[in-house]
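I'd like to ask some things about the structure below.
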Amino acid sequence: MSTLQIELPDGSTKAVAEDATAYDVALSIGEGLARQSIAARFEGRLVDINAALEESGKLELITQNSPEALEIIRHSCAHLMAQAVKEIYGEDVQVTIGPAIENGFYYDFYSDSKKFSPDDFEAIEKKMTELAKADLPIVRGEMSRADAIEMFREMGEAYKVELIEDLGEETVSVYRQGDFVDLCRGPHLPRTGLLKSFKLTSVAGAYWRGDEKNAMLQRLYATAFQNNKDLKSYLHKLEEARKRDHRKLGRELDLFSFSEEAGAGLVIWHPKGALLRTLIEDFERKEHLRRGYDIVMGPQILKTELWKTSGHYDNYRENMYFTEVDEQSYGIKPMNCLAHMLIYKSKIRSYRDLPQRYFELGTVHRHEKSGVLHGLLRVRGFTQDDAHILCRPDQIDAEVKGVMEFVQDVAGIFGFEYCMELSTRPEKSIGSDADWEQATNALHSALTDSGHAFEINEGDGAFYGPKIDVKLKDALDREWQCATIQCDFTLPERFDLTYVGADGEKHRPVMLHRVILGSIERFVGVLIEHYAGSFPLWISPVQVTVLNVTDNQAEYAQEVYRQLRAAGIRTEIDLRNEKLGYKIREAQVGKIPYMLVIGDREMEETKVTPRFRDGKNLDAMTVLDFISFIEDEVKQYK
RNA sequence: GCUCACAUAGCUCAGACGGUAGAGCACAUCCUUGGUAAGGAUGAGGUCAUCGGUUCAAAUCCGAUUGUGAGCUCCA
């Protein structure tokens with residue numbers, strides 16, 4: 001009998017029998033390793049631990065603790081959940097697909113009689129535990145396409161039949177555990193007994209194959225981990241995220257609200273929220289001026305004819321609001337570019353004038369589908385920190401780089417990591433092939449030169465041009481789309497924008513649309529969750545609150561308050577007839593950075609004792625010292 | 001927009017079977033002047049989201065609308 005030469009990650013080589021599996025190799029190294037191994041990577045592809053290797057090659061064992069293990073565990077757990085559901089509900093439910101996803105897995109079921117609800121979770125989990133305890137072997141099998149179609153048809157699994165029919169492969173693999181069979185590429189765990197830590201999390205509708213024209217399925221979301229500790233810590237993290245929910249904090253901190261009377265997706269900014277966004281907007285104006293942008297402003301409504309010129313009427317009409325006055329139709333702006341076009345066109349431009357950088361904190365309205373609205377993160381009226389850069393083709397690269405530097409600086413100030421994506425031409429789009437190619441190449445090279453890692457999303461661009469999206473990562477590692485840079489060769493053409501070149505001839509400028517924070521609304525929502533409501537001093541709507549211990553110090557406390565206000569520090573005062581502990585608690589719950597406790601001691605020394613919201617006290621200092629301390633922190637964006 | 005669920009006081013929530021509502025916090029008044037996360041008493045607050053239907057009777061059952069949530073699809 002011949003032997004196989006198996007190369008291990010440490011470089012050593014094992015000779016094993018011809019019919020050996022990855023498990024056999026693991027066993028030859030050690031029993032403990034064999035017990036721990038759940039799958040393997042052979043010649044770069046993932047295989048079952050019990051699959052015969054059949055040839056010589058490089059083998060890497062995947063143990064329960066390997067990073068790749070989690071995906072396999074979750075995928076197998078999806079099968080376990082499907083098996084449990086089939087055992088409980090039988091023919092009433094058809095299986096479809098069930099992949100592992102970022103934080104767990106899901107399985108989509110079709111049923112016209114059974115409606116899943118969270119009340120069913122316990123029974124399903126119980127059945128899953130039972131099936132896991134039975135420690136059923138999970139066995140891979142291969143069968144011909146025709147046989148597989150026949151088998152699933154007999155089982156009444158129409159969706160599986162459709163999947164195989166579309167698969168276009170002559171042989172398909174199926175996995176069996178007990179009486180349950182599922183079409184699957186694998187790999188899977190060798191036994192159900194390895195699944196111990198799982199939990200169903202939610203149920204929701206999902207379209208078959210993600211297409212809204214198809215049947216609505218019921219998706220059961222769940223998660224699984226290597227051990228209970230990881231499961232618990234994940235559930236704890238979910239709980240943390242819930243506590244940070246900007247909708248909850250927005251109400252508690254009295255930042256904003258929504259009103260059924262005003263309309264869905266329209267933010268009502270309360271004093272503290274309006275102040276917060278104003279501080280961010282002031283920061284933006286300053287930063288834009290510093291970086292060579294000009295501040296401009298356009299109207300909220302522009303004639304519908306102009307939206308036809310720009311192409312928005314043809315491509316974006318279903319998202320726009322319209323209004324008619326004196327038999328003249330106007331479109332409420334969903335984007336800010338039109339007025340900026342008109343500014344450019346207002347006089348003859350020389351190549352020496354370029355780039356022109358027009359910046360506007362522009363409020364736009366878009367009729368988003370009702371189902372997508374979500375707190376501040378997805379609204380119908382919002383303000384973009386929008387700019388349009390009109391430049392010569394040879395300036396694109398430098399301009400895109402300038403924007404990327406801007407993003408980097410701002411992300412740093414707010415403490416975000418970020419990643420970037422390049423999106424290319426979608427199906428519904430305007431502009432010539434040559435324009436798209438040139439624009440896409442320009443963005444691609446700027447990204448490459450930046451040294452930043454990026455991904456490419458084919459067909460995900462805007463209808464008028466390709467784009468770079470920046471995704472911020474917040475304190476809980478969640479990603480948020482904020483900044484975007486979009487290249488546009490189309491609008492300058494539609495508006496016939498030109499500049500006079502060195503040769504005295506007319507040339508077409510290129511346009512970059514870009515936002516740094518994206519929408520102020522969304523950014524504030526992200527900030528609330530990122531900071532869990534404890535904003536840094538420089539953007540805290542209230543920076544300091546003055547608390548007197550008894551009425552005795554009321555007058556001195558008011559004097560301190562006046563001095564702080566006069567110095568431009570956002571200060572409140574709480575002179576109410578309450579105990580100090582009560583006032584401190586309220587300020588603490590309000591997440592105010594500094595409290596100044598004024599008692600007899602402070603009054604006698606004409607000082608203040610600052611208490612930071614983390615509970616630490618600073619030494620007593622004079623009001624003037626405290627003011628310069630605050631000013632210094634603000635300068636450092638603390 | 002679609003699927004499912006939900007809508008009771010400013011907030012968080014109770015209100016089996018249909019018989020017109022209750023708690024805690026917040027708010028107001030009074031007592032208390034208390035040094036680092038909730039002092040006490042009293043009081044005021046709700047056409048039970050809106051409209052329509054069933055019923056002797058609807059917060060409760062049915063329908064529509066509006067809004068909200070979890071997803072899907074789409075997006076800053």
Side-chain angles (χ1 to χ4, degrees), chain A residues 106 108 115-119 201-221 245 247-248 251-252 254 257-266 316 318-319 334-336 362 364 366-386 423 426 460 462 467 469-472 480-484 486 513-523 525-526 547-554 576-590 595-602 609-613 615-617:
Chain A
Y106 65 79
D108 285 348
K115 300 263 178 253
F116 288 107
S117 89
D119 298 337
T201 49
S202 62
V203 54
Y207 300 108
W208 168 236
R209 299 191 153 177
D211 188 332
E212 58 187 326
K213 290 183 208 73
N214 288 341
M216 180 62 74
L217 308 172
Q218 297 181 70
R219 176 169 297 178
L220 290 178
Y221 281 91
D245 191 316
R247 294 165 297 183
K248 181 173 175 289
R251 189 173 46 240
E252 288 171 3
D254 199 13
S257 64
F258 291 90
S259 160
E260 201 173 319
E261 294 163 290
L266 302 169
Y316 205 71
E318 62 273 25
N319 281 295
M335 297 183 193
N336 300 300
V364 297
R366 300 181 184 174
H367 186 201
E368 303 288 353
K369 289 178 177 180
S370 59
V372 305
L373 302 175
H374 181 91
L376 292 181
L377 301 180
R378 196 73 185 274
V379 293
R380 285 184 172 155
F382 56 100
T383 301
Q384 295 179 299
D385 60 336
D386 203 2
S423 297
D460 228 19
K467 60 177 182 172
D469 286 324
V470 180
K471 296 200 164 157
L472 298 183
W480 306 96
Q481 153 90 67
C482 291
T484 151
Q486 309 184 341
H513 308 246
R514 48 101 286 181
V515 290
I516 303 295
L517 305 182
S519 117
I520 303 293
E521 280 75 3
R522 173 176 290 181
F523 191 72
V526 171
L547 313 175
N548 60 331
V549 179
T550 71
D551 290 347
N552 234 351
Q553 307 91 27
R576 288 175 306 171
N577 177 13
E578 294 290 352
K579 288 194 169 175
L580 182 61
Y582 184 90
K583 295 185 188 184
I584 286 182
R585 178 173 195 277
E586 197 148 297
Q588 194 80 45
V589 169
M595 301 168 216
L596 295 183
V597 175
I598 308 285
D600 286 336
R601 286 203 294 276
E602 286 76 12
T609 308
R611 178 196 202 270
F612 192 61
R613 63 187 153 197
K616 291 195 186 89
N617 276 344

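Remember, it's a predicted structure, so these values are computed and weren't measured experimentally. Order of the sequence lines sets the chain letters (A, B, ...), proteins ahead of strands, with each chain counted from 1.
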| Distance, C1' atom - from B/rA9 to B/rA59, rounded to whole angstrom |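 My reading of the C1' atoms in B/rA59 and B/rA9 gives 14 Å.
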| query | Starting at CG of A/N319 and ending at P of B/rG1, how long is that distance when rounded to a whole Å? | reply |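 It works out to 12 Å between those atoms.
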| query | In whole Å, what separates the P atom of B/rU36 from that of B/rC30? | reply |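 It works out to 27 Å between them.
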| task | With C1' as the reference atom in both, quote the distance from B/rA49 to B/rC6 in angstrom, rounded to an integer. | result |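 About 12 Å, rounded to a whole number of Å.
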| query | What interatomic distance, in whole Å, is found between C1' of B/rU3 and the corresponding atom of B/rU60? | reply |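 The answer is 26 Å between these two C1' atoms.
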| Just wondering, do A/F258 and A/L376 contact through their side chains at under 4.5 Å, heavy atoms? |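 Side-chain contact under 4.5 Å: yes.
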| field | Which nucleotides of RNA chain B pair, in dot-bracket form (Watson-Crick or G-U under 3.5 Å, | meaning another strand) | value | (((((((..((((.....[..)))).(((((.......))))).....(((((..]....))))))))))))....
| query | B/rU55 and B/rC62: how far apart are their C1' atoms, nearest whole angstrom? | reply |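 About 12 Å, rounded to a whole number of Å.
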| said: If we ignore hydrogens and angles and just use 3.5 Å, is the side chain of A/E368 paired with the main-chain N or O of A/N319 as donor and acceptor? | reply: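 Between the backbone of A/N319 and the side chain of A/E368 there is no qualifying donor-acceptor contact (under 3.5 Å).
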| task | Report yes if a donor N or O on one partner sits less than 3.5 Å from an acceptor N or O on the other, where the partners are the side chain of A/D551 and the base of B/rU33; otherwise report no. | result |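 Answer is yes: a donor-acceptor pair is held.
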| said: Can a donor-acceptor pair be found, under 3.5 Å and without considering hydrogens, that links the side chain of A/D385 to the backbone of A/I516? | reply: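 Such a contact is found between A/D385 side chain and A/I516 backbone.
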| request: Quick one: classify the glycosidic conformation of B/rG22 as syn or anti, with syn meaning within 90° of 0. | output: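 Classified anti.
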| query | What distance separates A/L517 CG from A/T383 OG1, expressed to the nearest 0.5 Å? | reply |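 So the CG of A/L517 and the OG1 of A/T383 are separated by 11.5 Å.
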| message | For the P atoms, the ones on B/rA44 and on B/rA28, what distance do you get once it is rounded to whole angstrom? | response |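 It works out to 16 Å between them.
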| field | Nearest-Å distance for atom pair CZ/P, residues A/F612 and B/rA37 | value |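 Those two atoms, CZ and P, are 16 Å apart.
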| task | To the nearest Å, give me how far apart CD (A/E252) and C1' (B/rC25) are. | result |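 Between C1' of B/rC25 and CD of A/E252: 12 Å.
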| Minimum side-chain heavy-atom gap A/E521-A/R378 below 4.5 Å |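 Answer no - side chains too far apart.
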| field | Sidechain N-carboxylate O distance under 4.0 Å for A/D245, A/R247 | value |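 Salt bridge flag = yes for A/R247 with A/D245.
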| query | Does A/S370 have a side-chain nitrogen or oxygen under 4.0 Å from the phosphate oxygens OP1 or OP2 of B/rG1? | reply |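 Yes, such a contact exists.
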| request: Rounded off to whole Å, could you give me the CD-to-C1' distance for the A/Q218 and B/rC2 pair? | output: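 Rounded to the whole Å, the gap is 14 Å.
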| What interatomic distance, in whole Å, is found between C1' of B/rG15 and the corresponding atom of B/rU54? |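 These two C1' atoms come out 23 Å apart once rounded.
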| Residue closer to the 5' end of RNA chain B, A/G599 versus A/R576 (nearest nucleotide) |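 Its nearest nucleotide being more 5', the pick is A/R576.
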| field | Separation of atom CG in A/L547 from atom P in B/rG34, rounded to whole Å | value |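 Going from CG in A/L547 over to P in B/rG34 covers 17 Å.
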| query | Could you run down nucleotides 69-76 of chain B 5' to 3' and tag each one B, S or - for protein heavy-atom contact under 4.0 Å? | reply | SSBBBBBB
| CD1 of A/I598 versus P of B/rU36: gap in Å, rounded? |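 Atom CD1 in A/I598 sits about 15 Å away from atom P in B/rU36.
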| query | Could you give the CD1-to-C1' distance, from A/I584 to B/rU36, as a whole number of Å? | reply |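 Distance check: A/I584 CD1 to B/rU36 C1' gives 3 Å.
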| said: With rounding to the closest Å, how many angstrom separate the C1' atoms on B/rG45 and B/rC2? | reply: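 Per the computed distance, 40 Å lies between those C1' atoms.
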| Protein-nucleotide distance (A/D600, atom CG; B/rU36, atom P), rounded to Å |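 These atoms are roughly 14 Å apart.
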| Any idea which heavy atoms bring A/Q384 and A/N336 closest together, and the distance? |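 Closest approach of A/Q384 to A/N336, heavy atoms only: OE1-ND2, 3.2 Å.
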| request: Determine, for A/D469 against A/K467, whether the closest basic-nitrogen to carboxylate-oxygen distance falls under 4.0 angstrom. | output: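 Judged by the 4.0 Å cut-off on N to carboxylate O distance, A/D469 and A/K467 do form a salt bridge.
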